[in-house]
Undergrad: 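My structure is below; once you've seen it, I'll send some questions.
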There are 4 protein chains.
Amino acid sequence: MANPRGTGRPRDPRIEADAHAAVRALLVEGGYAAVTGAAVAARAGTTKAALYRRWPALPHLVHEAVFPGELALDLSLGADLPTDLAGVVRGARDALCTPVAAAALPGLLAEIGTFPDLHAAMLQRFAGVFTALDDRLRVAVAAGEAHPEARADDLLRLVIGAVIAGLLLTPGALDDGWVDRLTGTLVRSLRS
Amino acid sequence: MANPRGTGRPRDPRIEADAHAAVRALLVEGGYAAVTGAAVAARAGTTKAALYRRWPALPHLVHEAVFPGELALDLSLGADLPTDLAGVVRGARDALCTPVAAAALPGLLAEIGTFPDLHAAMLQRFAGVFTALDDRLRVAVAAGEAHPEARADDLLRLVIGAVIAGLLLTPGALDDGWVDRLTGTLVRSLRS
Amino acid sequence: MANPRGTGRPRDPRIEADAHAAVRALLVEGGYAAVTGAAVAARAGTTKAALYRRWPALPHLVHEAVFPGELALDLSLGADLPTDLAGVVRGARDALCTPVAAAALPGLLAEIGTFPDLHAAMLQRFAGVFTALDDRLRVAVAAGEAHPEARADDLLRLVIGAVIAGLLLTPGALDDGWVDRLTGTLVRSLRS
Amino acid sequence: MANPRGTGRPRDPRIEADAHAAVRALLVEGGYAAVTGAAVAARAGTTKAALYRRWPALPHLVHEAVFPGELALDLSLGADLPTDLAGVVRGARDALCTPVAAAALPGLLAEIGTFPDLHAAMLQRFAGVFTALDDRLRVAVAAGEAHPEARADDLLRLVIGAVIAGLLLTPGALDDGWVDRLTGTLVRSLRS
DNA sequence: CACTAATCGAGACGGTACGTCGCGTCTTGTG
DNA sequence: CACAAGACGCGACGTACCGTCTCGATTAGTG
């Protein structure tokens, strides 16, 4: 898609940033339905053609605008397990409950059916967290804080699922008390 | 929407049923994107006007077609707690992982942003399960099988979230082993 | 269409009159496009079914409402020819330039293509005028006021055409001066 | 409507021509009622959106397709008055009695009520004829062939009205004999 | 006095056209 | 090459009107 050789007029790098900003603004103001090709282009001061030169379809742009990079939950390996799990829970909630993310997620998840590559891209955002959580879990098992069959994927899916379900079905319920309760639940569930 | 008095020509009851069936068939064959007003009408042997007379928008019809009534998980109050929780987990998975439901859910969840009344309608499907689970939990607390702070809403949201996250992000992973692992997780998390 | 035997509930005679009045009111207020089945029924305090029991289609009702009976131009046989012709011109103009008629005519003429029976019905309204004009013309020929080849149908068509063209293309131009000028034109054209 | 600056992708000029041809074909085959947005688009090998980009509504397209330019009656200034008038009468008849025009006119005239701008557009088609007739009439007055009060607008309205009335009410009667009779009528009516 | 038969109000029915909108692509002219 | 601009094919949207139908409730005349 990108120009392999260095030939030709180079792409205007501001368009990427402007498009990201436009998407985020539209998401907050009008929800996922307001993120129209024409609307994004107008808001970003460019045209649809410039967008489609960069992203294969609108949802890809939205995904990139909402989740620009990998989630950084910085599991402070060394703190005790409850503290680290609380960090994961809180981090996942904070990342997905941004006004922008909350507006985009339902639509993005629905588009997975149409654009399978979005699926992989979204999962990729959690890859680092998964690795860190896997490592942390191994340490906890060695320390006798978690039973040996504990799996990081189940754990992470549980957290993400709880956040998504809360986001979609009971928005507003994911306060700090919820973080504490879910953390406690996870800690207890890890005991042998 | 419905005719309050008995006046006027009564609605043809077959249209409701045919529309439901048409939506389910289209969902299975072509996914959520195939559920078009014209396609549903054609398949149901009726017209768009007849559909819009009954439902304010297509997603309402889809919701009704996919979740015709309340989820019945028949918590067998009396069995031991692990068995009952396994029933809830398995029941939620079975209800939401039907080919029809799996095809409809992502789109349906995304439409909540546009049609807020869909939100209440979807939650309503779990009202009975919540009540039953709440009762069961109280019994478990009294029997010393669960700690007193355990909350049915958190528990149910955890189950639903796990299913939805699994459905959206890792379809195919929700096998019987997953049911057993999640049940074990929940049982352990309930211990004081 | 009507009930041949006297059996059954008799029709409510007020509906005819109310429907006529409703059509005329809607024509004046919103033009031909506002004369909808539902609108007429609502305005007349009845229902579409009652209307279609009486008229085969809406244009028939409109025609009846706008031109309830034959045009009565009362050619005062005996006056001089210019006076009589002025009466015809003025009468045709007055009959077709009513706000109601002016609003209905273009639509009615267009429906002729769909309902050929409307055609005959509309022509019928001029039958009496034609006969009278034909007689008057014969007298004029005998008196040497008109050349022998003068034909009433050509003459009448000329008058009606002039009114319709004025109505459709230059509304407002059909004032009394126009009546005098057209009358003069016709009188001169009849001279041998 | 049109793109003022030369920017953007230029409109495909074939679409205009194809749409015109499609409208004419549909008019002849199925009458005014067959001229549907979808039908025109399909026949022209394009889409409804492309049509609505060019014309504000269907009747405007129909008008343009049926009367692409101004009527050219080429009054042969110089022939004697009866010959020139016969040319006007015959020309107006020929222009409005084409199968295409005859099918379109009733509908088009009826739409004037909904789209007032159509009115001006239709009158414009006769502007040149009016000017020429006005000039010719002045010559005739100077030559003593017509009385001084003769007005071209009255005359033209008379001709057009006669054609329209004949078209709408007595189709088939506008043969060459009718042309001669009407011409004679006009010539006599112009004498002082 | 029941019975019959057509009308009444109300409103749903199938059908069809309307005009709009969004998508992702394409085609110009201009850097 | 990229860019701005905007037309293109495609297809869905939700609304409106048409003329018909199906109800339950009236309202006469008839047996």
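To find a chain, count down the sequence lines: A is the first, B the second, and so on, and within it residues start at 1. Below, each value reflects all heavy atoms present in this structure, side chains not excepted, and no hydrogens, waters or symmetry copies. Predicted, not measured: the structure shown is a model, and the values here were computed from it.
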Undergrad: Please state whether the base of dG19(E) and the side chain of K48(D) form at least one donor-acceptor pair under 3.5 Å?
TA: yes

Undergrad: Nearest whole angstrom, please: distance from the P of dC18(F) to the CZ of F115(C).
TA: 10 Å

Undergrad: Using a 4.0 Å heavy-atom cut-off, does A49(C) contact any base of the nucleic acid, only the sugar-phosphate backbone, or nothing at all?
TA: base

Undergrad: What is the distance, rounded to the nearest whole Å, between atom NE2 of H60(B) and atom P of dC13(F)?
TA: 15 Å

Undergrad: Nearest-nucleotide wise, let me know which of P10(D) and L58(D) is further upstream toward the 5' end of DNA chain E.
TA: L58(D)

Undergrad: Provide, to the nearest angstrom, the distance between the CG atom belonging to L26(C) and the C1' atom belonging to dC17(F).
TA: 14 Å

Undergrad: Take atom CZ of R14(A) and atom P of dC3(F), then tell me their distance rounded to the nearest Å.
TA: 10 Å

Undergrad: Check this one for me: any side-chain N or O of R54(B) less than 4.0 Å away from OP1 or OP2 of dC13(E)?
TA: yes

Undergrad: Using whole Å, report how far OH of Y52(A) lies from P of dC1(F).
TA: 22 Å

Undergrad: Step by step, would you call L109(B) with L109(A) a side chain to side chain contact (heavy atoms under 4.5 Å, CB included)?
TA: CA-CA 9 Å; L109(B) 292 172; L109(A) 292 172; over 6 Å; no

Undergrad: Does any part of the side chain of T114(B), heavy atoms only, come nearer than 4.5 Å to the side chain of Y32(A), both counted from C-beta?
TA: no

Undergrad: Would you say a side-chain N or O of T46(A) is under 4.0 Å from OP1 or OP2 of dA4(F)?
TA: yes

Undergrad: Measuring from L108(A):CG to L58(A):CG, what's the distance to the nearest 0.5 Å?
TA: 11.0 Å

Undergrad: Just call it for T47(C): base, sugar-phosphate, or nothing, with non-hydrogen atoms closer than 4.0 Å on any strand.
TA: base

Undergrad: Starting at atom CG of D18(C), determine the distance to atom C1' of dG9(E), rounded to an integer number of angstrom.
TA: 14 Å

Undergrad: Heavy-atom nearest nucleotide on DNA chain F for L51(D) versus A33(B): which residue maps closer to 5'?
TA: L51(D)

Undergrad: In terms of the nearest nucleotide of DNA chain E, which residue is placed more toward the 5' end: A57(D) or I15(B)?
TA: I15(B)

Undergrad: Whether R11(C) contacts dC8(E) is assessed here as follows: a side-chain N or O lying under 4.0 Å from the phosphate OP1 or OP2. Is that the case?
TA: no

Undergrad: Any Lys/Arg nitrogen of R24(D) or E29(D) sitting under 4.0 Å from an Asp/Glu carboxylate oxygen of the other?
TA: no

Undergrad: Using a heavy-atom cut-off of under 4.0 Å over every strand shown, decide if A39(B) touches base, sugar-phosphate, or nothing.
TA: nothing

Undergrad: Nearest whole Å is fine: how far is dC17(F) P from E111(C) CD?
TA: 15 Å

Undergrad: With a 4.5 Å heavy-atom cut-off, do V62(B) and W55(B) have their side chains touching?
TA: no

Undergrad: So, under a plain 3.5 Å distance rule, would you say the side chain of R9(D) forms a donor-acceptor pair with the base of dC26(E)?
TA: yes

Undergrad: Give the rounded distance in Å between these two atoms: CH2 of W55(A) and C1' of dA2(F).
TA: 14 Å

Undergrad: Considering just the side-chain nitrogens and oxygens of R53(B), establish if one lies under 4.0 Å of OP1 or OP2 belonging to dC13(E).
TA: yes

